[in-house]
Amino acid sequence: MYNFIGSAGDVLEDDPVGRLKVFVYELPSKYNKKILQKDPRCLAHMFAAEIFMHRFLLSSAVRTLNPEEADWFYTPVYTTCDLTPNGLPLPFKSPRMMRSAIQLISSNWPYWNRTEGADHFFVVPHDFGACFHYQGSITIPPYAPPQKMHTHLIPDKTPRSIFVYFRGLFYDVGNDPEGGYYARGARAAVWENFKNNPLFDISTEHPTTYYEDMQRAVFCLCPLGWAPWSPRLVEAVVFGCIPVIIADDIVLPFADAIPWEEIGVFVDEQDVPKLDTILTSIPPEVILRKQRLLANPSMKQAMLFPQPAQAGDAFHQVLNGLARKLPHERSVFLKPGEKSLNWTAGPVGDLKPW
């Protein structure tokens with residue numbers, strides 16, 4: 001076990017059992033199971049945490065069947081399981097689903113109305129989550145398949161012979177033909193500046209050796225795309241490749257538990273043309289320290305949603321985050337008849353049945 005500076009990291013080993021109780025609403029299956037039955041691909045995409053978190057909570061030791069003793073109320077709505085033929089989420093129905101679910105639980109149970117939902121939580125793993133309510137959120141990692149990654153592990157002693165590694169789009173021609181919006185130009189700048197640099201192993205190809213290659217790399221680029229984050233962040237941590245985070249406004253997962261400044265490198269989007277200088281200037285002892293921290297098994301475990309759940313995994317980090325928000329301040333409880341928000345108001349389109 002390695003020491004961390006400050007408090008970051010020392011809560012990775014926390015056990016939330018006994019520190020909180022969660023009541024799971026039973027909603028009609030149209031909000032969750034039926035959506036998944038229609039498209040099982042949802043179990044494998046990077047937003048699958050909403051499904052696995054629901055399954056985990058149903059059998060978790062923190063679950064209570066008595067809502068009167070609950071600290072938190074969980075509303076299981078699969079907001080990102082509406083996929084295009086290409087497997088991309090179409091979360092435009094999400095606001096309608098959310099508002100409909102809130103209307104349902106606030107009409108059938110008394111608990112939402114006591115606090116206007118301040119002691120309730122949803123798992124909304126798409127960027128659209130911030131459109132509902134971002135303040136006080138627990139930011140979770142994207143889903144990356146633990147079993148699949150495990151089958152691609154190579155021996156620990158394999159030399160890291162690749163200096164900088166990246167596979168992915170540099171331009172999204174289909175959605176941004178002019179090239180000015182996608183990744184705010186950061187990915188384009190990576191390609192234009194370093195496509196011929198021998199230190200940079202970068203390409204749009206996605207080889208079958210992708211996971212193995214990450215384990216042979218010192219630095220893995222994690223640039224923003226249309227959103228600030230992607231599963232590359234999880235993959236880099238799991239495979240011990242120092243994440244180079246290029247996303248000026250990113251909110252990182254479990255930031256109160258994972259010491260991102262200690263294990264990663266942050267590069268401002270405007271500084272991408274200087275990436276080679278920035279990375280080659282990092283002293284070897286700093287690189288080795290980051291690699292040692294990344295080798296800590298609890299760091300990797302905290303980023304994963306394994307089936308079945310394991311101690312210290314991302315499920316437990318979510319519960320730890322909920323426990324650290326307790327006890328609820330008295331101010332979250334409203335006086336009888338008092339209202340602060342109208343959760344079922346919104347654009348006319350959002351109020352249509354879905």
Side-chain angles (χ1 to χ4, degrees), residues 12 36 39-56 78-81 83 86-89 91 123-127 129 138-154 162 165-169 205-217 219-247 250-255 257-258 260 263-264 293-319 321:
L12 286 175
L36 177 58
D39 202 332
R41 291 178 301 171
C42 296
L43 289 167
H45 70 21
M46 64 178 172
F47 308 116
E50 61 186 356
I51 299 165
F52 292 122
M53 194 74 206
H54 183 201
R55 293 180 178 181
F56 166 75
Y78 299 169
T79 59
T80 61
C81 195
L83 304 182
N86 293 333
L88 299 172
V123 177
V124 187
H126 193 277
D127 338 323
I138 297 169
T139 305
I140 65 173
Y143 177 79
Q147 290 86 347
K148 183 179 174 186
M149 287 194 285
H150 189 73
T151 62
H152 288 266
L153 290 175
I154 62 177
I162 301 168
Y165 187 74
F166 176 78
R167 291 292 182 274
L169 289 178
E205 303 298 317
H206 203 295
T208 54
T209 57
Y210 175 68
Y211 285 155
E212 289 82 356
D213 292 344
M214 291 186 93
Q215 293 167 81
R216 296 187 184 98
F219 294 105
C220 288
L221 300 185
C222 301
L224 75 162
W226 285 113
W229 54 275
S230 80
R232 281 185 195 85
L233 191 65
V234 175
E235 294 160 350
V237 171
V238 169
F239 293 131
C241 187
I242 298 169
V244 180
I245 298 162
I246 307 168
I250 193 168
V251 179
L252 288 159
F254 306 141
I258 294 178
W260 289 105
I263 63 175
L293 291 171
L294 282 166
N296 181 345
S298 66
M299 199 81 68
K300 305 174 190 297
Q301 187 79 317
M303 297 293 283
L304 295 173
F305 295 93
Q307 325 305 308
Q310 298 169 13
D313 62 14
F315 298 116
H316 290 85
Q317 301 311 326
V318 172
L319 298 184

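In this chain, residues are counted from 1 in sequence order. Heavy atoms only: backbone and side chains are in, while hydrogens, waters and symmetry mates are out.
- Not counting sequence neighbours, His45 has no partner by the side chain to side chain donor-acceptor pair (under 3.5 Å) test.
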Stepwise side-chain contact (heavy atoms from CB on, under 4.5 Å) test for Leu43 and Phe52: CA-CA 8 Å; Leu43 289 167; Phe52 292 122; 3.8 Å; yes
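- Scored by the side chain to side chain donor-acceptor pair (under 3.5 Å) test, Gln215 finds no partners at all (sequence neighbours excluded).
- Every residue meeting the ring-ring contact (aromatic ring centres under 6.0 Å, His included) condition with Phe315, not counting sequence neighbours, appears here in chain and number order: Phe56, Phe305.
- The closest side-chain heavy-atom distance from Phe239 to Leu153 is below 4.5 Å.
- Between Leu304 and Met149, the shortest heavy-atom contact is CD2-CE, 3.4 Å.
- In this view, Glu212 and His152 satisfy the side chain to side chain donor-acceptor pair (under 3.5 Å) rule, not counting sequence neighbours.
- Checked by atom type and distance alone, the side chain of Glu50 pairs as donor or acceptor with a backbone atom of Thr79 at under 3.5 Å.
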Leu233 vs Leu252, side-chain contact (heavy atoms from CB on, under 4.5 Å): CA-CA, chis, key distance, verdict: CA-CA 9 Å; Leu233 191 65; Leu252 288 159; 3.6 Å; yes
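- Applying the side chain to side chain donor-acceptor pair (under 3.5 Å) test to residues at least two apart or on different chains, the pairs with a partner in residues 299-312 are Gln301-Gln310.
- Residues passing the ring-ring contact (aromatic ring centres under 6.0 Å, His included) test with Phe254, sequence neighbours excluded: none.
- Between Ile263 and Leu293, the shortest heavy-atom distance links the atoms CG2-CB, 3.7 Å.
- The minimum heavy-atom distance linking Cys81 with Leu36 is given by the pair SG-CA, 4.0 Å.
- Partners of Pro231 under the side chain to side chain contact (heavy atoms under 4.5 Å, CB included) rule, at least two apart in sequence or in another chain, are Met46, Pro142, Glu235.
- Met53 approaches Val123 most closely through the heavy-atom pair CG-CG2, 3.8 Å.
- With rounding to the nearest 0.5 angstrom, the SG atom of Cys220 is 10.5 Å from the CZ atom of Arg167.
- Distance OG1/Thr139 to CD1/Ile250: 9.5 Å, rounded to 0.5 Å.
- Partners of Arg55 according to the salt bridge (Lys or Arg N to Asp or Glu O under 4.0 Å) rule, which considers only residues two or more places apart in sequence or in another chain, do not exist here.
- The aromatic rings of Trp229 and Phe47 stand perpendicular to each other, their planes meeting at an angle above 60°, with 30° marking the opposite boundary.
- Nearest heavy atom pair, residue Leu12 against residue Ala257, reads CG-O, 3.7 Å.
- Applying the disulfide bond (SG atoms under 2.5 Å apart) test to Cys222 and every residue at least two apart in sequence or in another chain returns nothing.
- The distance from atom SG of Cys42 to atom OH of Tyr143, rounded to the nearest 0.5 Å, is 12.5 Å.
- Taking CE of Met214 as the start and CD1 of Ile162 as the end, the distance is 10.0 Å to the nearest 0.5 Å.
- Atom CD1 of residue Ile258 and atom CE of residue Met303 lie 5.0 Å apart, to the nearest 0.5 angstrom.
- His150 meets the ring-ring contact (aromatic ring centres under 6.0 Å, His included) test with no other residue; sequence neighbours excluded.
- The minimum heavy-atom distance between Pro141 and Val234, with the atom names listed, is CB-CG2, 3.8 Å.
- Take Tyr78 and apply the side chain to side chain donor-acceptor pair (under 3.5 Å) test, not counting sequence neighbours, and it matches His54.
- Contact annotation: the side chain of Pro223 never approaches that of Val244 to less than 4.5 Å [non-hydrogen atoms, C-beta and beyond].
- We find the OH-OH distance between Tyr210 and Tyr165 to be 6.5 Å, quoted to the nearest 0.5 Å.
- Scored by the salt bridge (Lys or Arg N to Asp or Glu O under 4.0 Å) test, Asp213 finds Arg216 as partners (sequence neighbours excluded).
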